[in-house]
Engineer: 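To start, I am sharing the structure in question, which I have written as structure tokens.
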There are 2 protein chains.
Amino acid sequence: MKITISDIAKQAGVSKATVSRVLNHHPEGVGAEKRAQIQAILNETGFQPSGFARGLATGKSHSIGLIIPNITNPFYPLLVRGVEDALNRAGYSLFLCNSDGDLVKEKDYVRVLMEKGVDGVILNSAASDCDCQLDLLEAQGVPYVTLDRIIEGQVLHYGVFLDNREGARLATKYLLSQEGCRLAFLNGPADHSQSKLRVAGLDDVVKEEGLPLSSVRFFQGDDSIQSGQLLIGEALDTWKQGPDGIDLPFNAVFAGNDLMAIGALRALKLYNVKVPEEVQVIGFDDIELAQLVEPALSTVSQPTFEMGSRSAELLLQLINGKKPRTKTVTMKPTLVLRGTTKNLNN
Amino acid sequence: MKITISDIAKQAGVSKATVSRVLNHHPEGVGAEKRAQIQAILNETGFQPSGFARGLATGKSHSIGLIIPNITNPFYPLLVRGVEDALNRAGYSLFLCNSDGDLVKEKDYVRVLMEKGVDGVILNSAASDCDCQLDLLEAQGVPYVTLDRIIEGQVLHYGVFLDNREGARLATKYLLSQEGCRLAFLNGPADHSQSKLRVAGLDDVVKEEGLPLSSVRFFQGDDSIQSGQLLIGEALDTWKQGPDGIDLPFNAVFAGNDLMAIGALRALKLYNVKVPEEVQVIGFDDIELAQLVEPALSTVSQPTFEMGSRSAELLLQLINGKKPRTKTVTMKPTLVLRGTTKNLNN
DNA sequence: CTGTTAGCGCGTTCAG
DNA sequence: CTGAACGCGCTAACAG
């Protein structure tokens with residue numbers, strides 16, 4: 001049988017209340033001697049309070065939920081680690097949920113998490129056009145933070161984001177400012193807020209440079225290696241079948257994530273197109289893999305780990321009733337030039 | 001204020017017990033009409049029972065804890081996903097803990113998890129020579145399963161493992177059976193059970209083939225790309241500084257994991273050694289990355305996802321009081337030949 | 001078939 | 001400074 005607080009109380013010859021007070025480090029209410037004595041017994045017995053009982057009494061669980069699409073996507077491990085580290089530092093535990101970008105699953109997870117009594121949730125939501133998952137949270141007053149993806153709705157939620165527009169700007173500026181650049185823009189799913197922001201960034205640059213919109217060709221991928229390879233492969237294929245001596249359909253690729261960029265790289269290699277001499281490629285995210293492919297992938301780097309830890313810290317603030325000055329924190333991406341770009345100005 | 005079971009009871013004009021019965025789908029004890037009516041109210045109100053109260057009353061949380069070294073290591077995401085999928089299917093939630101291979105952290109996590117009232121834990125422990133983490137679990141009778149690493153101790157625990165010995169056998173047999181093979185064996189941390197089993201597998205093959213032990217050179221890495229690159233790089237360096245015309249110190253590398261193998265590949269490339277012509281390389285694990293490097297890495301593949309889900313299923317059985325026939329399930333590795341081996345017999 | 005009752009283990013008033 | 005008593009929300013015996 002598990003040892004309870006009354007066992008301790010009996011053993012120390014005091015009441016449960018007194019034990020509870022030293023257990024929770026309440027500064028007042030217990031004499032120094034008694035406190036020390038009880039503490040000793042606590043240590044000896046290795047007493048562990050019941051989270052259930054404590055939760056029932058206090059309404060807090062010291063656990064939070066994190067919902068992401070899929071830990072198997074190489075972007076997420078670092079993010080998750082950032083979250084876990086920050087939480088652990090603060091004495092919180094983490095429920096991990098993989099939603100597969102499925103709104104129904106996402107909602108189910110939210111419901112389950114609330115039943116478990118989580119003190120808050122961090123949501124990297126699948127869609128950006130529905131906030132029904134959030135209604136549940138909102139209804140019960142459970143604090144939450146959105147991560148990386150903006151969920152459109154009436155209210156602006158607390159969240160931490162990457163400045164995707166700026167990221168796209170950095171990459172496309174680099175590419176389009178080069179003489180005679182014909183860009184292939186390989187974007188992610190259209191309903192993701194990130195994708196939308198990236199085309200905005202691209203538009204910025206196109207206008208700045210006074211370019212015709214025909215100078216960029218759009219492709220719609222799904223953030224997977226396969227889609228990148230397929231799309232670029234197809235484009236290359238129709239080109240190859242055309243009359244000889246004709247130019248490549250593009251000489252630069254900007255992909256919405258590194259996975260698609262790597263897919264593009266593969267297609268390029270299959271068609272014996274030289275990178276970066278004939279076609280330059282820039283990805284997005286800067287996952288670990290980007291440094292490991294050959295040639296190493298130039299990419300828009302985001303501080304993934306920090307985004308995770310910042311979101312956890314933001315949530316912790318909300319949980320502790322502090323109103324953070326700003327509802328959202330926006331992190332800045334940087335352009336990392338490696339082997340898939342010509343790196344002229346270095 | 002949160003809505004409780006008595007609110008429902010009042011609203012339906014019945015007692016809490018009755019509501020509880022339909023809530024938990026107890027087949028008996030409630031008439032069909034009343035059941036339907038109560039169910040309706042439950043749905044309308046979107047009532048969510050309190051996990052705390054339920055846990056306190058039943059002693060179960062429907063949550064389990066998973067302790068791994070580091071989700072950031074590319075081996076783990078798939079494993080974790082396997083666990084999560086199996087758990088989710090069974091209505092369980094997952095606490096994720098990163099121990100960094102630190103025994104103290106590991107123990108702390110076990111303690112915290114027990115406080116949270118987890119119904120069981122899956123432990124991918126750092127060390128194989130201490131089972132003090134398990135004492136805590138054992139003392140409270142919390143079911144647990146060890147994963148991938150054998151923890152030495154008096155008792156044999158429930159667990160799922162890969163047959164590392166067989167894996168090493170497959171790889172080294174392939175390499176050493178080739179005429180004039182001089183093998184570099186780049187093993188992981190010596191205190192990991194896997195490492196020990198792999199040298200056993202190697203020994204098997206050396207004996208079988210009647211080879212002198214001098215035909216294999218041992219290196220001690222730490223499972224990181226860096227260590228693989230460093231170790232093989234150093235070996236190559238001393239060779240290069242020697243008299244001209246001398247043979248390479250080895251013509252085959254077997255690494256304890258893919259990361260080190262990839263490190264080795266990098267070193268080899270730096271020294272302009274041709275793979276697989278001059279040196280063949282085989283890794284271990286078959287992480288996604290293995291297919292993406294150039295040339296694609298030949299490796300000993302393990303069913304990582306299945307190992308995760310099997311361990312979760314095993315734990316679930318224990319939780320449900322079923323005594324599985326076998327305490328351990330051992331999964332079989334396969335040799336996947338890709339671009340870093342000569343693949344002669346195909 | 002249904003309601004009543006008694007805990008589950010802890011935090012927290014409120015008296016003393 | 002300390003203890004007694006109540007309540008958190010739910011389940012599980014036990015009556016009826």
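Side chains are part of it too, since the values below use all heavy atoms of this structure and drop only hydrogens, waters and symmetry mates. All of these numbers come straight from a predicted model, not from anything done at the bench. All chains are named by letter (A, B, ...) in the order of the sequence lines, taking the proteins before the strands, and each is independently numbered beginning at 1.
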Engineer: Please report, rounded to the nearest Å, how far the C1' atom of D:dG9 is from the CD atom of A:Q140.
Structural biologist: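 After rounding, the gap between these two atoms is 14 Å.
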Engineer: Can you see whether B:Q317 engages B:Y158 through a side-chain donor-acceptor pair at a distance of less than 3.5 angstrom?
Structural biologist: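 Checked: B:Q317/B:Y158 side chains show no N/O donor-acceptor pair below 3.5 Å.
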Engineer: For a quick test of reading the model: is some side-chain N or O of A:T18 closer than 4.0 Å to OP1 or OP2 of D:dG3?
Structural biologist: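 Indeed, a polar side-chain atom of A:T18 lies that close.
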Engineer: For A:I8 and C:dG11, what is the distance between atoms CD1 and P respectively, to the nearest whole Å?
Structural biologist: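 Distance check: A:I8 CD1 to C:dG11 P gives 12 Å.
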Engineer: Using a 4.0 Å heavy-atom cut-off to protein, can you give one letter per nucleotide of nucleotides 10-16 of chain D, 5' to 3': B if the base is in contact, S if only the sugar-phosphate is, - if neither?
Structural biologist: BSBB---
Engineer: NZ of A:K10 versus P of D:dT2: gap in Å, rounded?
Structural biologist: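 The distance from NZ of A:K10 to P of D:dT2 comes to 20 Å, rounded to the nearest Å.
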Engineer: So, are B:K107 and B:D102 salt-bridged, with charged N and O less than 4.0 Å apart?
Structural biologist: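 Salt bridge: no.
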Engineer: Is it the case that the side chains of B:Y109 and B:N98 hold a donor-acceptor pair, with the cut-off being a distance below 3.5 Å and no angle test?
Structural biologist: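 The answer is no; no qualifying pair exists.
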Engineer: Would you tell me whether A:E115 and B:S50 have side-chain atoms, one donor and one acceptor, within less than 3.5 Å of each other?
Structural biologist: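 There is no such pair (donor and acceptor under 3.5 Å, judged by atom type) between the side chains of A:E115 and B:S50.
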Engineer: Roughly, in whole Å, what's the span from CD in B:Q37 to P in C:dC1?
Structural biologist: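 Answer to the nearest Å: 16 Å.
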Engineer: Rounded to whole Å, please give me the gap between CZ in B:F52 and P in C:dC10.
Structural biologist: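 Atom-to-atom, B:F52 to C:dC10, this comes out as 14 Å.
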Engineer: Establish, from distance only, whether the side-chain atoms of A:N164 and A:R149 form a donor-acceptor pair under 3.5 Å.
Structural biologist: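 Side chains of A:N164 and A:R149: no pair found under 3.5 Å.
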Engineer: Roughly how many Å is it from CG in B:L56 to C1' in C:dA6, rounded to a whole number?
Structural biologist: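 Rounding to the nearest Å, CG of B:L56 and C1' of C:dA6 are 13 Å apart.
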Engineer: Figure out the NE2/C1' separation between A:H62 and C:dC10, and round it to whole Å.
Structural biologist: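 Atom-to-atom, A:H62 to C:dC10, this comes out as 14 Å.
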Engineer: Going by an N to O cut-off under 4.0 Å, is there a salt bridge joining A:R81 and A:D85?
Structural biologist: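 Salt bridge flag = yes for A:D85 with A:R81.
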Engineer: Rounded to the nearest Å, what distance is computed from the CD1 atom of residue B:I38 to the P atom of nucleotide C:dC1?
Structural biologist: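 Atom CD1 in B:I38 sits about 14 Å away from atom P in C:dC1.
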